[in-house]
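Just below is one structure, and these are the notes that go with it.
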2 protein chains.
Amino acid sequence: MQNSDEEVTFIQQFKTRSLSLPAGAVIIDEGLPSEDLYTLYSGWAFRFKTLSDGRRQILNFLLPGDFVGLQEKMADVSPHGVGAVTAVSLCRFSRIGLWELYRNHPGLGYDVTWIAANQKDVIDENLLSVGRRNATERVASLLVQLYKRVKVIGLAKGSTIDFPINQQHIADSLGLSLVHTNKTLRRLMKMGFHEISGGKLTMCNPAALERVADYYAAEERVRPLI
Amino acid sequence: MQNSDEEVTFIQQFKTRSLSLPAGAVIIDEGLPSEDLYTLYSGWAFRFKTLSDGRRQILNFLLPGDFVGLQEKMADVSPHGVGAVTAVSLCRFSRIGLWELYRNHPGLGYDVTWIAANQKDVIDENLLSVGRRNATERVASLLVQLYKRVKVIGLAKGSTIDFPINQQHIADSLGLSLVHTNKTLRRLMKMGFHEISGGKLTMCNPAALERVADYYAAEERVRPLI
DNA sequence: CGGGAATTTGAGCCCGCTCAAGAGTGGTGG
DNA sequence: CCACCACTCTTGAGCGGGCTCAAATTCCCG
């Protein structure tokens, strides 16, 4: 999956400009038309949906390299929102641009589909968690999943990673209440599986956590760069 | 999104052959390498994942026109299985074929991404259900979603559609137990929202069910044909 | 008409929920 | 430098939605 020189050049001019937003910002509003497609360059974000009474479900977390707004590009109205966890920097692609990319650089179009399919894997795993795992298994599998994803993009320092999300984020992504999420995290921590403090997560025993989670996903694969 | 004559011709030769399988067949095995990409021509199928102790989560149902195996094409090993609900007929695309499609017919490549994004919408909605809706809301939203999807592909007869899945399928897709799924379905039926019998679903009051489900998704859109 | 699968219903329990309150932890301004 | 305030995390108590276990009943299909 090596990009050609020509492709790299094209990508450069294709990116119309970059964009920075502060922590907590709304990147894409639920139910609003959205014109733009982004790549997340740095920081953490998340996609979410809400019900009319305010219950919120986080669909998946977005890490550097992920797309923001691919689905929205395909619809008229965004079926979900995107929020920034930390301060984020994004690279904007123009609307015309995506179509041109497919036409002039089908190799890159293929890569786009590849990345989108990869994100779907993550969502599938989350759906399995929320639907069939109990609270302990859910928390364990989320920790393992995020750890592996961060590691693959080269941002892990040993067994420690930046971990900017709070317990409310975790609860909303696992379909649990805040209180029960806290109790479950605490129990796993006391059992020596992991540590969270100061915005860092340390995995003390990743293999054991994977066993707890019944999480046997294939290795995360290196993605094409766009 | 009109396909050109040339594209249509290409699609024809691109389909290497079609394939029929009986009800209950395994189309793609979980954890096995999969060589093929299919389009579902007729019948119902479903994607699923299982945990090692047998708990199963249905990720989404596949209706005629949906892709089978796009993700698998992108990975080395299929991260999920695909099963047939009814007898199904599939059109097989060869492995080389997909890459050629992107290279020679970027318009079709764009359509592939479009369809994949649409399927992701469905999964997102399911994740919202399983994570944040109670049992009644979940069942209601599944009925509404399937009804709308069938309607959009032109297979609804008035307010009645073929409904080949059983309560175990529904339970596995909603993250509920079989028993509780039955009780919930029965309650909704007694309240006059819907009827299921003889493999048919009739929506007696779709608007009311949508309200019960807190389901306000945008209209299903017509998809490009491949 | 026999038999396996799917559906239905009841009884009782437990995991995860809600409610409530306290303890850190920063950030801000006087 | 400290008082204050908002946000996050923590812990306890008690309840209830959805679970498991168990047993009919109905539905197909050969």
Side-chain angles (χ1 to χ4, degrees), chain A residues 22-24 44 51 53-58 83-87 129-143 163-191 194-201 212, chain B residues 22-24 44 46 51 53-58 83-87 129-143 162-191 194-201 212:
Chain A
W44 287 40
L51 294 174
D53 63 2
R55 281 173 287 178
R56 179 175 77 163
Q57 177 66 36
I58 291 183
V85 176
T86 63
S129 276
V130 173
R132 290 297 174 210
R133 284 193 245 248
N134 64 31
T136 306
E137 294 167 340
R138 286 185 214 185
V139 170
S141 67
L142 181 66
L143 294 180
F163 199 72
I165 61 179
N166 61 29
Q167 296 184 357
Q168 185 68 63
H169 289 119
I170 298 177
D172 285 348
S173 109
L174 297 179
L176 295 171
S177 71
L178 176 60
V179 173
H180 200 65
T181 300
N182 175 281
K183 287 172 179 169
T184 307
L185 270 171
R186 198 120 264 282
R187 193 158 6 95
L188 287 174
M189 200 178 296
K190 278 180 184 158
M191 291 196 284
H194 74 285
E195 274 168 33
I196 295 176
S197 77
K200 304 277 184 188
L201 164 68
V212 168
Chain B
W44 287 40
F46 60 95
L51 294 174
D53 63 2
R55 283 173 285 177
R56 179 175 78 163
Q57 177 66 37
I58 290 183
V85 176
T86 63
S129 275
V130 173
R132 289 300 173 206
R133 284 193 245 248
N134 64 30
T136 306
E137 295 166 338
R138 285 185 214 185
V139 170
S141 68
L142 181 65
L143 294 181
D162 279 329
F163 199 73
I165 60 179
N166 62 29
Q167 296 184 358
Q168 186 69 62
H169 289 119
I170 298 177
D172 284 349
S173 109
L174 297 179
L176 295 171
S177 71
L178 176 59
V179 172
H180 200 64
T181 300
N182 175 279
K183 287 172 179 168
T184 307
L185 270 171
R186 198 119 265 282
R187 193 158 7 94
L188 287 174
M189 201 178 295
K190 278 179 184 157
M191 291 197 282
H194 74 285
E195 275 168 33
I196 295 177
S197 77
K200 304 277 184 187
L201 164 68
V212 168

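Residue numbers begin at 1 in each chain, while the letters A, B, ... track the order of the sequences.
- Distance from the side chain of A/N166 is smallest for D/dT8 among the nucleotides D/dT10, C/dT9, D/dT8.
- In this structure, A/H169 atom NE2 and D/dC7 atom P are separated by 14 Å, rounded to whole Å.
- If you check the side chains of B/S129 and B/S141, you find a donor sitting under 3.5 Å from an acceptor.
- Heavy atoms of B/L185 sit nowhere under 4.0 angstrom from any nucleic acid atom.
- With D/dG18, C/dC17, C/dT9 as the choices, the nucleotide that has an atom nearest any side-chain atom of B/R186 turns out to be C/dT9.
- Distance CZ (A/R133) to P (C/dC15): 19 Å, rounded to an integer number of Å.
- Between A/E137 atom CD and C/dC15 atom P the separation is 12 Å, expressed in whole Å.
- The side chain of A/K183 lies closest to D/dT11, out of D/dG18, D/dT11, C/dT7.
- The number of heavy atoms from other shown groups lying within 6.0 Å of CD (B/Q167) is above 12.
- Side chains of B/N166 and B/H169: a donor-acceptor N/O pair is present below 3.5 angstrom, by distance only.
- A search for salt bridge (charged side-chain N to carboxylate O under 4.0 Å, His left out) contacts involving A/R138 returns nothing, not counting sequence neighbours.
- Phosphate proximity of C/dC15 to A/N134: absent, as no side-chain N or O sits under 4.0 Å from OP1 or OP2.
- Protein atom NE2 of A/H180 is 15 Å distant from nucleotide atom P of D/dT10, rounded to whole Å.
- C/dA5 atom C1' lies 12 Å from atom CG of B/L178, rounded to whole Å.
- Considering only side-chain atoms of B/V179, the nucleotide from D/dC19, C/dG10, D/dG12 that sits closest is C/dG10.
- The CD1-C1' distance, from A/I170 to C/dG16, rounds to 17 Å in whole Å.
- Side-chain atoms of B/Q57 and A/R133, non-hydrogen and from C-beta on, never get closer than 4.5 Å to each other.
- Checking A/M189 against A/R132, the closest nucleotide of DNA chain D that is more toward the 5' end is the one next to A/M189.
- Here the side chain of A/Q167 is nearest to one of D/dC9, C/dG16, C/dT8, namely D/dC9.
- Following rounding to the nearest Å, B/D172 (CG) and C/dA6 (P) show an atom-to-atom distance of 12 Å.
- In this structure, A/I196 atom CD1 and C/dT25 atom P are separated by 15 Å, rounded to whole Å.
- If you find the closest nucleotide of DNA chain D to B/R138 and to A/I165, the one lying nearer the 5' end belongs to A/I165.
- Nearest to the side-chain atoms of A/N182 among the listed nucleotides D/dG18, C/dT9, D/dT11 stands D/dT11.
- Backbone-only engagement by B/G175 is indicated by non-hydrogen atom pairs under 4.0 Å involving sugar-phosphate atoms exclusively.
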